[in-house]
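Just so it is clear: chains get the letters A, B, ... in the order the sequence lines come, proteins before strands, and each one is counted from 1.
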2 protein chains.
Amino acid sequence: MQTIGKLSAATGVKVPTIRYYEQVGLLPQPARTQGNQRLYDRRAVQRLSFIRHARDLGFPLDAVRELLGLADDPDRSCAAADAIARRQLHEVNARIQRLNALRDELERMLRHCACGTISECRVIEVLGSHAHCQGGHIEGADLAGD
Amino acid sequence: MQTIGKLSAATGVKVPTIRYYEQVGLLPQPARTQGNQRLYDRRAVQRLSFIRHARDLGFPLDAVRELLGLADDPDRSCAAADAIARRQLHEVNARIQRLNALRDELERMLRHCACGTISECRVIEVLGSHAHCQGGHIEGADLAGD
DNA sequence: CTTGAACCTCTAGCGACTAGAGAACCTATG
DNA sequence: CATAGGTTCTCTAGTCGCTAGAGGTTCAAG
């Protein structure tokens with residue numbers, strides 16, 4: 001049994017984040033000391049490590065929730081977990097593609113800049129009119145997320 | 001002079017987003033009709049297109065603000081704009097690297113899954129203990145942003 | 001003159017935390 | 001046993017870049 005601080009040190013998850021995970025239902029409410037401080041057991045360490053690892057791999061919290069549910073039920077088919085991971089892989093690949101397009105555009109912009117004054121600055125010019133683009137980057141691309 | 005709807009259509013920026021940009025000071029307060037509706041001129045179209053393009057390239061709004069300031073001052077050195085773009089390029093490259101590591105990890109996870117029951121599921125297993133990782137993905141990687 | 005689309009302001013919500021205030025607790029030392 | 005200071009508690013608000021909705025006004029067409 002350990003306090004939230006030790007759990008944080010053991011898993012690398014910050015203390016407020018642990019409390020946040022409890023708040024949103026990813027971690028069960030732990031036992032408490034007489035003084036109302038949280039006390040965690042070994043299972044909590046495991047569960048939190050699982051969450052952390054899934055987050056490191058970019059899974060959104062909802063997916064983590066699903067994966068936790070699956071992990072709690074060892075007799076079910078693994079197909080569901082597979083599907084979630086596969087979905088995440090697609091997400092990551094899509095994001096990589098979009099970022100590659102951005103990188104190309106940024107590099108071309110910078111390559112062509114003679115670095116004189118703003119009035120002849122390629123960076124500003126390219127941003128000002130879309131005509132200079134090679135169409136590499138997608139308009140309205142959803143760049144958000146992890 | 002056009003209404004906010006036309007400006008939206010002309011630039012591809014949604015109406016609430018235009019109002020949001022005005023609110024945070026990226027767009028100046030436009031003229032108004034007698035009935036209090038916003039009226040935009042050609043310069044507004046240009047400025048908003050500039051913003052949109054920079055956003056498409058992943059620049060955060062603060063960087064867009066800086067770039068707009070530079071664009072307004074054609075006699076200054078282009079070096080500052082260059083630096084901002086270069087910083088953004090580094091950001092994008094870093095993000096690509098992190099995502100590549102994630103992709104590798106996800107792919108390996110999926111390759112090794114025999115797809116039986118959860119108890120032998122490679123996906124769940126890998127998430128449960130970090131021991132299976134090849135160290136490809138960085139712990140605590142900041143995955144957020146665009 | 002009426003309809004209905006487009007506009008107005010204002011507030012709240014998204015994801016996944018992070019920061020800070022102000023109070024209570026817990027442990028180690030004098 | 002008292003006290004100092006580190007850790008923990010709850011609660012609220014802020015981050016980024018929008019997006020959604022409520023409830024009301026204005027404008028152009030028929």
Would you say a side-chain N or O of B:Thr17 is under 4.0 Å from OP1 or OP2 of D:dT19?
yes
For the pair A:Arg47 and A:Asp41, find out whether any cationic side-chain nitrogen is under 4.0 Å from an anionic carboxylate oxygen.
no
Trace of the salt bridge (Lys or Arg N to Asp or Glu O under 4.0 Å) decision for A:Glu91 with A:Arg87
CA-CA 6 Å; A:Glu91 270 287 312; A:Arg87 206 197 308 147; over 6 Å; no
dist B:Arg43:CZ -> B:Leu27:CG (nearest 0.5 Å) comes out at 12.0 Å
Of the listed nucleotides C:dC17, C:dC7, D:dG17, the one nearest the side chain of A:Arg55:
C:dC17
To the nearest Å, how far apart are A:Lys6 NZ and C:dC26 P?
14 Å
Taking every heavy atom of A:Arg55 against every heavy atom of A:Pro60, the minimum-distance pair comes out as NH1-CA, 3.8 Å
Would you name the heavy atoms of A:Ala71 and B:Ile124 that are closest together and state the gap between them?
CB-CG2, 3.7 Å
Protein-nucleotide distance (B:Leu39, atom CG; C:dC8, atom P), rounded to Å:
9 Å
Answer yes or no: does a side-chain N or O of A:Thr3 lie under 4.0 Å from OP1 or OP2 of D:dT8?
yes
Considering only side-chain heavy atoms of A:Arg32, which listed nucleotide, D:dT19, D:dC9, C:dC8, is closest?
D:dC9
With the 4.5 Å side-chain cut-off for hydrophobic clustering, are B:Val15 and B:Met1 part of the same group?
no
B:Leu61 CG to D:dG14 P, in whole Å, measures 19 Å
Take atom CG of A:Leu27 and atom C1' of C:dC17, then tell me their distance rounded to the nearest Å.
14 Å
Between CG of B:Asp62 and C1' of D:dC18 the distance, given in whole Å, is 15 Å
Does A:Tyr21 put a side-chain nitrogen or oxygen below 4.0 Å from OP1 or OP2 of C:dC17?
yes
Between the OH atom in A:Tyr20 and the NZ atom in A:Lys14, the distance rounded to the nearest 0.5 Å is 14.0 Å
Answer yes or no: does a side-chain N or O of B:Lys14 lie under 4.0 Å from OP1 or OP2 of D:dC18?
no
Go through B:Arg108 and B:Asp104 one step at a time and tell me if the salt bridge (Lys or Arg N to Asp or Glu O under 4.0 Å) criterion holds.
CA-CA 6 Å; B:Arg108 203 172 44 249; B:Asp104 293 348; over 6 Å; no
Of B:Val15 and A:Pro16, whose nearest nucleotide on DNA chain C comes first from the 5' end?
B:Val15
Taken to the nearest whole Å, CD/B:Glu91 to P/D:dC16 is 14 Å
Under 4.0 Å between any heavy atoms, over every strand shown, what does A:Arg38 touch: base, sugar-phosphate, or nothing? Just pick one.
sugar-phosphate
Find the distance B:Asp56:CG to D:dG17:C1' and express it as a whole number of Å.
14 Å
Under a 4.0 Å heavy-atom criterion, the protein footprint on nucleotides 21-30 of chain D, written with B, S and -, is -----SS---
5' precedence on DNA chain C between B:Gly5 and B:Gln23 (nearest-nucleotide basis):
B:Gly5
Quick one: is C:dT9 close enough that its OP1 or OP2 comes under 4.0 Å of any side-chain N or O from B:Arg19?
no
Could you tell me how far apart A:Ile18 (CD1) and C:dC17 (P) are, to the nearest whole angstrom?
12 Å
